[in-house]
Number of protein chains: 2
Amino acid sequence: MNFGCLSVHNISRIKCYETGPVPEFSLDSFLPYQLAALSSRVSREFAKTYVSKFGITIPEWRVIFHLHTSGPVSVREIFQRVDMDKSKVSRAASRLEESGLISKKTNPTDRRLVELELTLKGYELMSKITPLALDFERRLMDKLGEQGPAFRETLAHFLKEDG
Amino acid sequence: MNFGCLSVHNISRIKCYETGPVPEFSLDSFLPYQLAALSSRVSREFAKTYVSKFGITIPEWRVIFHLHTSGPVSVREIFQRVDMDKSKVSRAASRLEESGLISKKTNPTDRRLVELELTLKGYELMSKITPLALDFERRLMDKLGEQGPAFRETLAHFLKEDG
DNA sequence: TTGACCTCGTTGCGTTTGCAACGATATGAG
DNA sequence: CTCATATCGTTGCAAACGCAACGAGGTCAA
């Protein structure tokens with residue numbers, strides 16, 4: 001189809017230029033690239049608008065969001081699902097505990113596990129942030145337009161498959 | 001529709017538990033969350049499988065990929081498109097220059113600009129990585145299934161809109 | 001019960017990151 | 001021209017990060 005500069009056969013810069021500018025096969029069609037750009041943009045935008053004003057970081061937001069939707073869980077459960085390094089989750093949890101937003105206690109049946117749980121203060125914070133988060137998401141969906149639901153569906157399906 | 005734990009009306013943990021487990025409104029349906037998880041997973045997977053073995057980092061890969069598809073550009077053009085901090089691009093470029101994969105020269109018409117350009121060595125590296133990248137992407141698309149093209153389309157459209 | 005082996009969460013450490021500040025260059029008004 | 005203002009890329013610095021190693025706890029076979 002469309003080769004141009006990213007063609008497998010492209011060897012030297014001269015050859016690339018000889019084929020002229022590439023109209024459609026640009027950066028924007030390499031999937032990992034697209035995902036990274038969109039994700040970073042969305043996360044940063046969301047953090048800028050809402051999260052910072054509550055004095056929490058992005059990793060901290062992810063942890064309490066997880067706790068809010070799933071109930072009390074272990075550190076492991078979070079970093080596996082969210083794809084954060086476990087030390088990142090651990091440190092975020094420590095900061096959240098210091099702030100009094102979550103509690104940490106050893107799971108009695110398996111004493112290796114640390115059970116994280118939102119405190120009342122944590123829930124109160126979430127009840128302030130949640131409307132903002134939902135509003136942000138809604139505006140994001142609006143931007144996606146009519147393909148939005150399908151897009152989200154594909155995303156969810158993929159994440160479920162991939163484990 | 002489906003409220004449960006993420007409901008705007010959710011105030012306390014007790015209330016949350018009273019509604020019971022939430023079957024569908026889980027983490028996996030909050031869009032920024034989904035995007036972050038997928039993007040991080042894809043980037044890391046790609047880096048693990050292919051990039052590391054060529055001795056370059058993810059930011060470096062993004063820079064040379066951009067140069068390969070767009071031709072010589074300034075630092076600014078890269079970090080605006082790819083959503084990396086400009087210092088990140090700057091440092092990646094310095095490392096790439098040290099490795100002899102790109103060249104840096106001052107733009108003569110605007111001496112503030114630094115024009116980055118792949119060297120022959122850089123092009124040779126890209127000609128090795130590109131097939132692997134395309135293969136990785138193809139397998140990713142396969143996983144997405146028949147919604148793949150639509151998904152990619154939505155992504156591209158959104159990125160273009162958002163500037 | 002012991003010992004080998006596994007998993008969980010934390011921590012130490014070197015590297016990378018993001019932010020702000022900077023020097024150098026460009027632009028435009030007066 | 002001069003001065004104020006803006007933009008570009010680099011760099012200093014504190015914070016955050018990822019990785020590996022660790023201690024503590026669990027599992028299971030011998």
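Keep in mind the model is a prediction, meaning the values are calculated, not measured. Chain letters run A, B, ... following the sequence lines, proteins first, then strands; residues in each count from 1.
- Within the 4.5 Å cutoff, the side chain of Arg95(B) has heavy atoms near those of the Thr57(B) side chain.
- At a cut-off of 3.5 Å, with distance as the only test, a side-chain donor of Arg62(B) or Ser43(B) sits close to an acceptor on the other residue.
- By the rule that hydrophobic residues join a cluster once side-chain heavy atoms approach within less than 4.5 Å of another member, Leu67(B) and Leu113(B) end up as members of separate clusters.
- Remark: Arg76(A) is in phosphate contact with dC8(C), judged by side-chain N or O atoms under 4.0 Å from OP1 or OP2.
- Residues forming a ring pair (Phe, Tyr, Trp, His ring centres under 6.0 Å) with Phe79(A) (at least two apart in sequence, or on another chain): none.
- Nearest-nucleotide positions on DNA chain C place Val114(A) closer to the 5' end than the other of Val114(A) and Pro108(B).
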Detail all sub-3.5 Å separations between protein N/O atoms and N/O atoms belonging to nucleotides 11-16 of chain C.
residue : atom : partner  : partner atom : Å
dG12(C) : O6   : Arg91(A) : NH2          : 3.3

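- Looking only at distances, no side-chain donor or acceptor of Ser39(B) sits under 3.5 Å from a matching main-chain atom of Ala36(B).
- Residue Arg111(B) places at least one side-chain N or O under 4.0 Å from the OP1 or OP2 atom of dT25(C).
- A side chain to side chain contact (heavy atoms under 4.5 Å, CB included) with Leu125(B) is found for exactly one of Leu101(B), Leu120(B), Leu118(B), namely Leu101(B).
- In this structure, Ile58(B) is not a member of the same hydrophobic cluster as Leu134(B), with clusters built from ILVMFWY side-chain heavy atoms closer than 4.5 Å.
- Taking a heavy-atom distance under 4.0 Å as the criterion, the stretch of DNA chain D touched by chain A extends 5' to 3' from dC17(D) to dG26(D).
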